[in-house]
Amino acid sequence: KIIPKNIFPIFVSGFFSGIILNSGYLFSSVTVVNNGLSVYSKKLDLGSCDLQKMLYNIILNDKKGLEIIPAQQQDIFKKRLVNHMDDIMVRILYMMNKKVSDEYKKGLEQASDPKKKGAYSKVSFYDDLPVFSISFDTRIIVGERLFGENSEDNLAYIVLKTLMEDVPCEIRRKVGSNIILSGGITMLNGFYQRFIDEISYIVNNNPQFLRLKGIK
């Protein structure tokens with residue numbers, strides 16, 4: 001039998017039905033599986049490489065973060081940094097829970113958070129890369145792209161929308177009770193808790209998803 005690789009994660013869970021959010025390097029996808037068969041799949045134009053590019057540009061444009069690197073090593077740093085982006089992202093980035101995220105964004109709007117904006121962490125894991133610094137903002141703002149204010153940029157919203165619009169009502173409870181996170185992005189520190197926060201907030205505050213409240 002030939003089984004599409006995008007439904008493999010369902011069998012690891014011990015169930016044969018569920019909805020899989022797979023966030024990989026080049027793209028993400030939402031796949032609905034019923035009794036071991038894929039009944040719906042949607043590709044999302046968001047992957048780890050997009051976050052790495054974003055992080056790379058932020059690091060290079062943050063002059064304060066690079067000021068500890070000697071001028072003669074700046075060009076070497078830019079070339080070598082590319083090779084370590086995946087590792088830097090995993091070690092440095094973390095997802096805020098929704099409550100903290102909302103407070104942080106509000107603080108940015110009011111410009112009342114100078115301590116956090118000025119906080120930097122040194123990065124010195126690599127023998128071939130000069131020591132540099134990453135700001136508090138950089139560590140958390142890249143991950144916010146996964147749960148944007150625009151509903152179509154929010155992974156939790158896309159999963160719920162798929163469940164509501166593309167899953168027949170007779171299997172919706174069975175599928176919705178087993179949401180599986182798969183892929184490198186979902187292993188970022190704090191992703192799991194933030195995903196749950198977003199799911200709960202959207203279901204309880206968006207009338208579009210009221211019928212999903214009874215699904216645990």
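Below, each value reflects all heavy atoms present in this structure, side chains not excepted, and no hydrogens, waters or symmetry copies.
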Is it the case that the side chain of Ser101 and the backbone of Asn97 share a donor-acceptor pair, with hydrogens and angles ignored and the cut-off at 3.5 Å? no
Val123-Ile76 co-clustered via ILVMFWY side chain contacts under 4.5 Å: no
Hydrophobic cluster membership, Leu155 vs Val203, 4.5 Å side-chain cutoff: yes
Run Phe77 and Phe132 through ring pair (Phe, Tyr, Trp, His ring centres under 6.0 Å) and show every step you take. CA-CA 9 Å; Phe77 171 81; Phe132 64 104; 5.1 Å; yes
Are any non-hydrogen side-chain atoms of Leu55 and Leu51 less than 4.5 angstrom apart? no
Restricting to non-hydrogen atoms, name the atom on Gly24 and the atom on Ile185 that form the minimum distance, rounded to 0.1 Å. O-CD1, 3.9 Å
Please report the interatomic distance CG(Leu44) to CG(Asp50), rounded to the nearest 0.5 Å. 11.5 Å
Polar side chain donor-acceptor pair, Tyr25 to Asp86, under 3.5 angstrom: no
Using the rule that two of Ile, Leu, Val, Met, Phe, Trp, Tyr join whenever any of their side-chain heavy atoms come within less than 4.5 Å, decide whether Ile88 and Met187 are in one cluster. no
What is the distance from atom CG of Leu60 to atom CD1 of Ile58, rounded to the nearest 0.5 Å? 10.5 Å
Run through Thr31, Asp166, Thr162, Asn22 and flag the one making a side chain to side chain donor-acceptor pair (under 3.5 Å) with Ser41. Thr31
Show your working on side-chain contact (heavy atoms from CB on, under 4.5 Å) between Lys53 and Met85 and close with a plain yes or no. CA-CA 8 Å; Lys53 289 176 184 176; Met85 289 311 304; over 6 Å; no
Counting distance only, does the side-chain N/O of Arg194 pair as donor-acceptor with the main-chain N or O of Met95 below 3.5 Å? no
Asn35 versus Lys174, closest heavy-atom pair with distance: OD1-NZ, 3.5 Å
Side chain Thr186, main chain Gly183, donor-acceptor under 3.5 Å: yes
When you look at Tyr120 and Asp62, which way does the side chain to side chain donor-acceptor pair (under 3.5 Å) test go after all the steps? CA-CA 11 Å; Tyr120 279 77; Asp62 187 353; 3.0 Å; yes
Atom CD of Glu198 and atom CG of Leu146: how far apart are they, to the nearest 0.5 Å? 10.0 Å
Check whether any side-chain heavy atom of Val33 sits under 4.5 Å from a side-chain heavy atom of Val175, and report yes or no. no
Show the nearest heavy-atom pair for residues Val142 and Thr138, with the distance to one decimal. CG2-O, 3.7 Å
On a heavy-atom basis, which atom in Leu188 and which in Met89 lie closest, and how many Å separate them? CD2-O, 3.9 Å
Rounded to the nearest 0.5 Å, what separation is found between the CG atom of Asp153 and the CZ atom of Phe147? 12.0 Å
Could you tell me the separation between the OH atom of Tyr56 and the CG atom of Asn61, rounded to the nearest 0.5 Å? 10.0 Å
Answer yes or no: are there more than 12 heavy-atom neighbours, outside Phe209 itself, under 6.0 Å from its atom CZ? yes
Cluster check Val90, Leu181: I/L/V/M/F/W/Y, side chain < 4.5 angstrom: no
Just wondering, do Phe195 and Ile179 contact through their side chains at under 4.5 Å, heavy atoms? yes
Looking only at heavy atoms, what is the nearest atom pair of Lys78 and Val82, with distance? O-CG2, 3.8 Å
Verify, without hydrogens or angle tests, whether Ser124 (side chain) and Val131 (backbone) share a donor-acceptor contact under 3.5 angstrom. no
Side-chain donor/acceptor of Arg139 to backbone N/O of Ile134, under 3.5 Å: no
Any carboxylate oxygen within less than 4.0 angstrom of a Lys/Arg side-chain nitrogen, looking at Lys63 and Glu67? no
If you take all heavy atoms of Ile20 and Ser182, which pair is closest and at what distance? CG2-CB, 4.3 Å
Mind checking whether His84 and Gln52 have side chains closer than 4.5 Å, heavy atoms only? no
Give a yes or no on whether Leu21 and Tyr192 share a hydrophobic cluster (residues Ile, Leu, Val, Met, Phe, Trp, Tyr; joining criterion: side-chain heavy atoms under 4.5 Å apart). yes
Main-chain N/O of Asp128 paired to Arg80 side chain as donor or acceptor, under 3.5 Å: yes
Ion pair Arg91/Asp87, N-O distance below 4.0 Å: yes
Rounding to 0.5 Å, atoms OH (Tyr157) and CD1 (Ile199) come to a distance of 12.0 Å
Salt bridge check, Asp102 against Lys98: does any charged N sit closer than 4.0 Å to a carboxylate O? yes
